Structures are given as C-alpha cells and as structure tokens.
Amino acid sequence: MSGDYVNPETIALHGGTYRADPATNAVAVPIYQTTSYQFNDTEHAANLFSLQELGNIYTRIMNPTNDVLEQRMANLEGGAVALSLASGQAASTFAIQNLAQSGDNIVSSTDLYGGTWNLFANTLSMMGIEVRFADPTDPESFRRAIDDKTRAFYAETLPNPKLNVFPIKEVADIGREYGIPLIMDNTACPILCRPLEHGAAIVLYSTTKYIGGHGTSIGGLLVDGGNFDWTAIPERQPLMNTPDPSYHGAVWGTLVPEALGAPIAYAIRARVVLLRDLGSCMSPFNAFMFIQGLETLPLRMRQHCSNAQRVAEYLNRHPAVEKVIYPGFAEGEFKRRAETYLSGGMGALMGIEIKGGMEAGKKFINALKMLYHVANIGDARSLAIHPASTTHSQLAGDELAATGVTESYVRLSIGIEHPDDIIADISQALDQAGS
Ligand code: PLP
C-alpha cells in the first residue's frame, strides 16, 4: 500500500511509492549521491529524453532521494506532483518564470517576505517581468490589476509582520475566471493550511523553515495541484500553449495531460525546461535532511501552535506589552480568514509591541538568553528579531509603518521547547526591557 493515505501524520512517514530501497531493502531513504544514471540501451535513453518514458537522466533534473520528498510533499498538500529546488528563493523565481516572460506581468499581494519583495520589485522587473502589487485586505484589487498580459497571482498564506491571513479562495476564484492561477507561498503554515483545497493552483515552500525544522539546510519546493486547466484560455498562458523551440516544439499544456492523465504541465515544464536551463536543483543530501524533518512535521506543528497560544496569552496580559499581533487574536474579517484558512492551528509566529519604543525593543532582544536572535522563522528552537534595527532598518518612519512594523515591534517564532521555559526567558527579557 502506498500513496493513498489521507492523514498527514502517516503521509509524512509513508506517503508516495517508496517502501524500501529496491537495491538493498533499506527502510530509511538512501541518499542517492550520484550525478547520472546508466541507460539500459539507446532506445531507453531516447525514450527518457523525449519524455515517452519518465525516469532518471541526470541529478540536476531528477534524483531518487528528491523524488521521495517530492511525492510526500505532493501527497501532504493534496496535489499531483512536486518539484524540489535549491532554496525558497529559487522556488519563488521558478514559480513566476514558469508562466511569465519579458513583457508579461503578475499580480502579487503587498504582504511579502522581504526577499520575495526584492525579487519582485527589482530583479524580475530588470528581466522585463512587471510585478503589480494588490492589497490583500481587498480581494477585488487583484481583479483591478489584471490586463491581457497578466499570467499569475501570488501571495503568502500567513505573511509577517502583519500576520493577516490571505483570502485564498476569494482571490483564487477571481483568477480562475480569467485563466490566472494563484500561487501560494505556504512557508509559515504547512499542515495548518492546504491552499489547494481553497482553489490555489500552485503551493510554494521555503523548506528551510518548518519542513526541515532543524535549521540545517536551505531548500525550496513547488507543488503542482494538478487542478488548473492551463489550456482553458490559451492566450492567457502562452508558455503552456505555444510550441517550445527548446524542446522540439513541445506544447506543454496539451502534450502532458494526455501522456500523464493530469494537467501537470506546470511541474513538467518547470522541471525539464527551467531546472535544465537554470540549474537551481536541491542536492540529494538536503532532500534527505528534509525527509527527516518532514517525518515529524505534523507533530512539531501541533507543539509549535500550542506553545505559541500559551505565549500569546501570557504576553497579552503582560503590563510591558502594548500589543500582541497573533492570528488567534484577529478580529472581524481577519478572524474569519484565520479560522477558515488556518483550520489546523494559528501558527507559531507573533509580533509584540513593547512599551518604550526602539530602545525597549533592542533591550528586550539583547536580554534574551534562550531564544536565538536570528533572521529566520520555523526552527524547532524559539527565535526573535527586532525588525526596526535589522531587517527593516533602511526604512524611514512612514515606510516602516506601511510594512506593519513599529519601532518596538519584535517578531517571535515560537519553538517546541517546554512552554514554561519559553515564557520564563521572555519574561526576564521584558523585565530588563522596561528597566
Ligand atoms: N518565503 C518565505 C515566506 C520566507 O520566509 C523565506 C525566507 O525567509 C523565503 C520564502 C525564502 O526562502 P529561502 O531562505 O529558503 O530562500
């Protein structure tokens, strides 16, 4: 039995076709640290290259260790197939480049990870791909930004620092009317949210965060939902509907469904064109590390969420804390979105505004003993950062406020230590911040 489990705890350990290593019967997934694979004969080689048969050619394009991770992640998301990549940044870049070329545009939510913001506002625009920004509080702003060159919508499920959950279904539904897929960066809330269930077409991860969990490896991943008809409005998706001169004139949108039984043209093209040409593959060693992380992901997410809930409640009552920004405390429409889309739990990220401004924020960080002061989220360890003096230090007052960061804002990524120990460290640091 393989590949047909529905519970995330089981999929994380058994999802996909891998049962034991076919060469040795090893149960743990081996690290296939090889660049290439011997062809059986010239016909076998020709079939692989012409995609008549799917199989291993060269590790830049596929690898058996990565394949196990990809199958498990696709199963976890309820998607069709996945593609592992060298980093979350590579995943965001591929996600767009797979649909948009010079002269095209995409519409993205304004609430983004800073690295994605830079990629979109600067590097993609230098490549001729315009990124139009839409306001996630108003789903209709995505519709208003569309023109005939719009190829995709892009957003994060749980973007920090504001931690306002994105209206996935509302925006996905608008996109589908126009043949525009919604790409969701779900890095901050694996297991808790499954964006494909709400209409997204592609899910993207920085596996560097919760999926790895141990803070050892950089990686990224795309999941193709297999739920989007790339050929429905052919002029909307030219890269899927016009002959590709780099692949003997293949038309990805029409070639793949017939051959594979699901509309996974997106993942196939990303693999055999973008990975082939741009080369940002995940190393088999890192794929192995992510397989180890994935095995305990559902268990860890539960602990992350319950610890975060306790910390948030503690902070909410603390006299030195002005405000706690946490999806579990959202109100009105934001509360509805948090409850609808984070049905598995409110996540482990929160922001606190400490009384006393910039100085108090810095003092708090410097006083922490157990929480690490790092520019990262999603580690098993609890982490903290003061954006105004680090990641957002180039921004002036108004610009800073627009991102949702105040001078005293501290971002916390709550880990899986005992909650009493997390609270004890935060408590002594708050005492010092106020002294
Ligand atoms: N997306 C989100 C939401 C992130 O937080 C990050 C990194 O912090 C990335 C993408 C980029 O991932 P990576 O650091 O693996 O390139």
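Heavy-atom basis, side chains included; hydrogens, waters and symmetry copies ignored. This chain uses plain numbering: 1 for the first residue, then up along the sequence. Just so we're clear, the structure is a prediction, and the values are computed from it rather than from any experiment. Whatever order the structure lists ligands and atoms in, that order sets their numbers, starting from 1.
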Where V321 and K355 come nearest, the two heavy atoms and their spacing: O-CE, 4.3 Å

Parallel, tilted or perpendicular: rings of F120 and F133 (30°, 60°): tilted

Contacting atoms of ligand 1, where contact means under 4.0 angstrom from a heavy atom of S87: 15 (O), 16 (O)

Result of checking R336, K335, R337 against E339 for salt bridge (Lys or Arg N to Asp or Glu O under 4.0 Å): K335

From the candidates D185, I377, N376, I218, the one that places a heavy atom nearest atom 1 (N) of ligand 1: D185

Aromatic plane relationship, H318 with Y314 - under 30° parallel, 30 to 60° tilted, over 60° perpendicular: perpendicular

Ligand 1 to T208 polar contact by distance, N or O atoms, under 3.5 Å: yes

W230 and Y266 aromatic ring geometry - parallel, tilted or perpendicular at 30°/60° bounds: parallel

Atom 4 (C) of ligand 1: the protein heavy-atom neighbour that sits closest, reported with distance to 0.1 Å: Y113 CG, 3.6 Å

Test item, S92 contacting ligand 1 (heavy atom, 4.0 angstrom): no

Ligand-side contact atoms (ligand 1) for residue partner Q89, heavy atom cut-off under 4.0 Å: 11 (C), 12 (O), 13 (P), 16 (O)

Nearest non-hydrogen protein atom, atom 8 (O) of ligand 1: K209 NZ, 2.8 Å

Cationic N near anionic O, under 4.0 Å, D379 to R381: yes

